[in-house]
Amino acid sequence: MQGKIGKGLMIVCVLSLFIPFAVFAGGQKDDVILIGAPMPLTGPYASDGEQMRMALELAVEEKNAAGGLLGKQLKLITGDVGALEPEKIKAVGERLAGQNVHVALTGYADSGVDARVFAQYAMPYIHADAMTEDALVARKQIADTGTSNLFQYCPAEVAYGEDASEYLFKVPAAMGWTPPNKNIAVVKVDYSYNILAADKFAELSAAKGYKIVVDETIQFGHVEFGPILSKIKDAGASFVTFWDLDPKDAANFMKQFYDAFIDEGIQALVYMQFTPVIPEFLDLAGEAAEGLLWSTTVNPVSDGVADYDKRWIAKFGSEPASSYSYGTRDGFDLWVAAVERAGTVDDFEAVIEELKKTDHRGLTGRIVFDPEDHTAYAGMDYIPTVWQQVWGGRHNKSFPKEFAGGYAYKLPPWVK
Amino acid sequence: MFEIKDLCSAYGDIQVLYNIDLHIDEGEVVALFGPNGHGKSTLLKAISAVHPARSGSILFKGQEIAKTPAHKIVELGIAYIPEERFLFPDMTVMENLNMGAYNLNARKSMAENLEFVFDVFPRLKERRGQLCSTLSGGEARMVAIARGLMCNASMLMVDEPSIGLSPSMKFAVFEAIEKVNREKNLTILIVEQEIEHALRMANRMYQIRKGRILFERKADEIDVKEIEKAYF
Amino acid sequence: MESILNALVSGFVSGSLYAIMALGLTIIYGISRVFNFGHGIVAVLGGYLAWTFFTRASLPFVVSLLFMLPVMYLLGWLVYRYAIRGLMKKPNADFSTVLFMLGLGIMLENIILQIFGPRVKAVPELVTGSIMLGAIKIKNHELALMVIVLLGIIVLTQFFKRTRMGQAMRAVAQSIPGAGVVGINIERIFGYTFGLAFMVTGFSGALLASKYFMIPHIGWDWMVKGFVIVAFGGMGSIPGAVVGALVLGMAESFTTLALGAVWVWPVWFIMFLVLLLLRPQGLVGGRN
Amino acid sequence: MKKLNLTRNTVILAVVLLLIVLYPLLGAKPYHLHLFILFFIWAMVASSWNLLNGISGINSLGNIGFMAIGGYGSAILAKTFGLSTLITIPLGGIIAMVLVTLFLGLPTLRLKGVYIALLTLIFADTLPTLLTQTRAVTGGAVGLHEIPPFFAGAGKIHNYYICLAAFLVMLYVIHRLIKSNTGLAFVALRDSENLATSLGVSRFRERLKVFAISALLSGLAGGFYVHSLGDISPTTLAIEPFLMGIAMMELGGIGTLFGPVLGAAIIVFGSEFLRLADVLRMTILGGLICVTILFFPGGLMQAFRKLGNLMDRRGKRKRGESVQAKVQSAD
């Protein structure tokens, strides 16, 4: 037995000691700028992660072809954060820091942990998690030390709630329809991005005299919505809001809502946060989505979008498939701009100082960081929340007017 | 017709059978005696390849079968009726008998065999639709034997058919085995603790002890005292 | 009243989906006592194969379902022949087969991810439209699923009862030495069993995908639910799986109606606990 | 000859331990320290899991849940009530022990094999929904963040030593436990329940005991997890950590003392190493599990032991000693 202990432990320890060294066997060359990209490449969010990676690949390729950044070539190092487990995000963060990357750049690597992890390092961390969690970390860091290396180049999720409580109730008038009551149904998934937005919406709407009659929390992967739809019908909600990041859940909800009410009709509008922007949604929901309202803060709204699409298609042979195909590029561009203004990539403090001064007109709007929490401003002058209605099998920008292009709301087919 | 030479068998590191030599002629009833745990059942399991032998040769109708897998042995015509019965508890009596006739040879003569089996065990005909898990011990034993008969075998190996049965049931079982031998001219190798019963029908016997053959006797040479002595 | 009827329908729909999840699992466990921890991924693979035949070879969906079956059968047979067969002969076969299937599952999931990409795929519904039963509206596709479950049970039970291979599978399930004694080639039967179970599982994956949509990792959810259902109804019993699935589907639907969706798992856990204390062999299982 | 072995191994053991102890001082990068901390924690989880599955033959699939209970318990106590981690970690372990014994230990007394596996699996799957229900204290799906460290100002290097110490102590405790009468009773129940009960081993008592101990140790590991990492969320209960835990046990060698430790090393370091393989990481990991099971059913411990025996044998031959003697004394 003693012999076994010795041998076992010997093997364990030898193995343990060697593997981490093997990871870093290769040193880095000085003439390359490393971009660390923590993103979900496997697991449930792999679909978004793929688009983020493609966006960065395209960006790096274009920048390198144009002579590189400060005369140096760029190199992308991705790190898979899987299903966004805190443990994995931590490990990826530690690894990227260990590889001395010059910036950590991503569409999202969220759950709130990423900001805490990257706050420990000196290099800038530029992300679009759209999470209040992350903003709070940056806010605290700024309060404590006067600055932060965290930058969120989109508004946090509560912006959805604020915006929806502001605008959703104006839609009926624009449709020429009068809701029978002020009842609201909230169906949200147990995920902070959705919950915080939904709760903000509920809070602000209640303050306006609206009544939350259904407040249902579901888990990701919820399939059978029958009982929830019964509750919505019995409670007589005229605003049905659905907050769930997963396009499968959203499509299932919409299909079942449509099937349940299309014949006899229901006096209600349906609103969704963000999710329909994910391209699968329309494929999955099909005609059931006709008449659906939704909004998102990450939209390709600028004039450069058409040209960007062309370059994307030339490289990958497919269209950009998610808002992160655009957003991630903005993150890249604003960092490049900051580095070029600073004239250095190694002096992180200088780069961060320049990042703070960012006023970047990107694909998704004008990005300016709030000095208090380094989160991009929301609003018409900055990153607009754009409302759309699904009609004719596609998304139609309906509000604000600057983007609407003359589209007028149509009454959903189930309102009879 | 059936001959074993130099057969050895073991469970893991524990050798149970040592250099067994044994032969059976066609139509013969051979009894195998010996104390518990001395290798009688192991020998049957080795022949039927349920627990294959480690070395040695088994000839059946001139064919070497020591390395043949269990399902082939049944097809060749050796049926094994284990002491543990191994019935299919959630199947009916009828289904169990059907499974007895699983091999292709038996399939052809299934109707005929079934008739014979019901003739030998009229009780089973009554219980044909009953699940085996609900049968009494004696009935279950009958099913086991009947299932063995359904295999259409030319040689039958029966392991302790009378164990745990009431006297009247024992009598019925032995009668059935005798009847099988008489009417179907089946070769039979029987392991039995009830020496008297077994000797009534056996043509020959082997005494096994500590995994070896101690002696062999023809029916007319058998001395019950000698056998009983061999047990201690 | 109407919401209760609706919940009843929802329960039936969920129940038949759950029954579909559990069938392949219960077959494989019932006969070979191997707990298939790759069940979910096998189902997903079936879905992806059918989807491939459907979109790439432009076959009608029902035909692509049929094309997928032999592929799944072959896969099951290969898995048994070249992996499980050896593992079953070794000590600790229970857990080593579990782990092997788990490893295979992880590998398959990620291979599917690499081949088909991470985007959600939809497979079409078998039939469109819906009918009214009194005040209650039921989608034809959901009715079709229920009918398929019903047909599936009938076909499978008849297969196990009437055919020689099916009877042999039952025999092996009930007593392996007994099967050996009557001359059944046990390893061959196990091979058939794996083939059959993979076929059923793959088919069920394609059906589930029409409701759940498809993404490589979704199989794990199906598998965990499948386990619960199989254990609830009685391990290895086909009627058990169906009864278990219906009971859990009803529980889910009425819990959602009365308490809210988040209470479904806790309610299931308590039901499971109570059941195991009263009837450890499951709802329908005959023996423990 | 056995004595010779012992001293040789003791020397190696001492050297390796010394290396591990000195490692942070020899200029290890924070990333390496992080990996080692993870390794210590996972080795604890896998070892305590192994008590149930390997030593006692009770196929539990819920130990990640036990760990999460301990972790949440300790985190909430420390974060909400500001208690010292010296108190909260043991309390977290005790909470895990009580809950598990109550909800799993008692009900499983009547169950066999796969049913236990399923009940424990469902138990662990129920936890995330319960966490959602108790959002006020557990943070719901967001989880708990900024959990206090072991002590104010504790850095990576402190965490490293604390977790190393906890790991060594736990390993020693498990070692002693396996050797004790209790451990022998567990093994006896696993190998032959009838024989064990006929020898006067109480199935009831020993089963409760093993559930309690395993849950306590897993819960403690959870405490070390949260205070060194600072976060815990329901994703800790997701499918991947669960698969990893099982893989650790089986890959290393279930039922052995060092198997789970070895497995933890392979999974923690190996899967980080495999990150270089990027998206193929999980594919390779799955393949590795399959290959291990097929060719080294006793886990890598068995493979190494074979290798060790082979090497010893060759050495012996040189010294003219009999191979037979070595093979017999190998274990």
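Labels below follow one simple rule: chain letters A, B, ... track the order of the sequence lines, proteins then strands, and each chain is numbered from 1. All values reported here derive from a predicted model rather than from experimental measurement.
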Checklist entry - When you look at B:Ile4 and B:Leu7, which way does the side chain to side chain contact (heavy atoms under 4.5 Å, CB included) test go after all the steps? => result CA-CA 7 Å; B:Ile4 295 179; B:Leu7 187 99; 3.5 Å; yes
Item to check | Choice from B:Arg147, B:Glu75, B:Met150 maximising heavy atom contacts with chain C below 4.5 Å | outcome: B:Arg147
Checklist entry - Between C:Ile184, C:Ile186, C:Ile176, C:Val172, which shows the greatest number of heavy-atom pairs under 4.5 Å with chain B? => result C:Ile184
Checklist entry - So which of C:Gly180, C:Ser175, C:Ala179 has the biggest tally of heavy-atom pairs under 4.5 Å with chain B? => result C:Ser175
Item to check | Stepwise ring pair (Phe, Tyr, Trp, His ring centres under 6.0 Å) test for C:Tyr18 and C:Trp268 | outcome: CA-CA 13 Å; C:Tyr18 292 161; C:Trp268 280 8; 5.7 Å; yes
Checklist entry - B:Asn113 and B:Lys184: side-chain donor and acceptor closer than 3.5 Å? => result yes
Checklist entry - What part of B:Arg85 lies closer than 4.5 angstrom to a heavy atom of chain C: side chain, backbone, both or neither? => result neither
Checklist outcome for this item: Paired with B:Ser162, the side-chain hydrogen bond (donor to acceptor under 3.5 Å, both in side chains) test is passed by just one of B:Glu192, B:Glu194, B:Gln193, namely B:Glu192
Checklist outcome for this item: Honestly, the part of B:Pro69 sitting under 4.5 Å from a heavy atom of chain C is neither
Checklist entry - Atom CG of B:Leu76 and atom SG of B:Cys151: how far apart are they, to the nearest 0.5 Å? => result 12.0 Å
Checklist entry - Among C:Arg170, C:Lys161, C:Arg188, C:Gln167, which has the most heavy-atom pairs under 4.5 Å with chain B? => result C:Arg170
Next on the checklist: Only pairs of heavy atoms separated by less than 4.5 Å count here; which of B:Glu95, B:Met99, B:Glu84 has the most with chain C?
Outcome noted: B:Met99
Next on the checklist: One pair to check against side chain to side chain contact (heavy atoms under 4.5 Å, CB included): B:Leu156 and B:Tyr80. What are the steps and the verdict?
Outcome noted: CA-CA 6 Å; B:Leu156 203 59; B:Tyr80 167 47; over 6 Å; no
Checklist entry - Contact part of B:Leu104 toward chain C, heavy-atom cut-off under 4.5 Å: side chain, backbone, both or neither? => result both
